[in-house]
Amino acid sequence: MSQSLSEECTPLKRSYDACFNAWFEGYLEPAVSASANAEQRTNFAQQKAAEFESSCGKIWQEYRQCIQKAVKDKNLEALLDQARSENPLKEPPPPPPTNSSRS
């Protein structure tokens with residue numbers, strides 16, 4: 001795993017990475033089998049989001065705060081603002097319609 005933006009954030013990054021990777025491994029396999037219908041996918045996604053928040057939410061917030069401080073300390077805010085204005089995040093396209101009349 002790589003170093004964080006700031007040396008003081010690296011232990012938090014490693015903790016978060018380990019937590020996320022453990023959670024994500026448990027997400028992938030069941031996600032495929034839970035894809036039977038939209039309601040099951042929605043329920044599964046909500047359950048996994050709550051699990052993530054419970055398992056990794058606190059460490060994510062601590063790591064995020066550390067990174068935000070490092071960005072300010074290194075005077076990177078203007079560069080981030082410029083990058084965001086030049087390449088704004090876009091909403092993902094809607095999923096394709098499901099064909100529920102399959103035989």
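One distance of note links CD1 of I59 with SG of C19; it measures 8.0 Å at 0.5 Å rounding. Note that OG of S2 is 8.5 Å distant from CZ of R14, once rounded to the nearest 0.5 Å. Here the straight-line distance linking atom SG of C56 with atom CD of E51 works out to 8.5 Å at 0.5 Å rounding.
E53 pairs by the side-chain contact (heavy atoms from CB on, under 4.5 Å) definition with nothing, not counting sequence neighbours. Residues meeting the ring-ring contact (aromatic ring centres under 6.0 Å, His included) test with Y63, sequence neighbours left out: none.
E86 and Q82 share a donor-acceptor pair across their side chains, judged by distance under 3.5 Å alone.
Counting heavy atoms from C-beta outward, C66 and K13 have side chains that stay 4.5 Å or more apart. Between S4 and I67, the closest side-chain pair of non-hydrogen atoms falls below 4.5 Å.
The aromatic rings of F20 and W23 sit tilted, their planes meeting at an angle between 30° and 60°.
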Donor-acceptor pairs are to be reported for all side-chain atoms of residues 68-81 against protein atoms at under 3.5 Å, with residues two or more places apart or in another chain.
unit_1, atom_1, unit_2, atom_2, d
K69, NZ, D73, OD2, 2.7

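Counting only distance, with no hydrogens or angles, the side chain of S54 and the backbone of A50 share no donor-acceptor pair below 3.5 Å. Side chain of S55 to main chain of F52: no donor-acceptor pair is present (N/O by atom type, distance under 3.5 Å, no hydrogens or angles).
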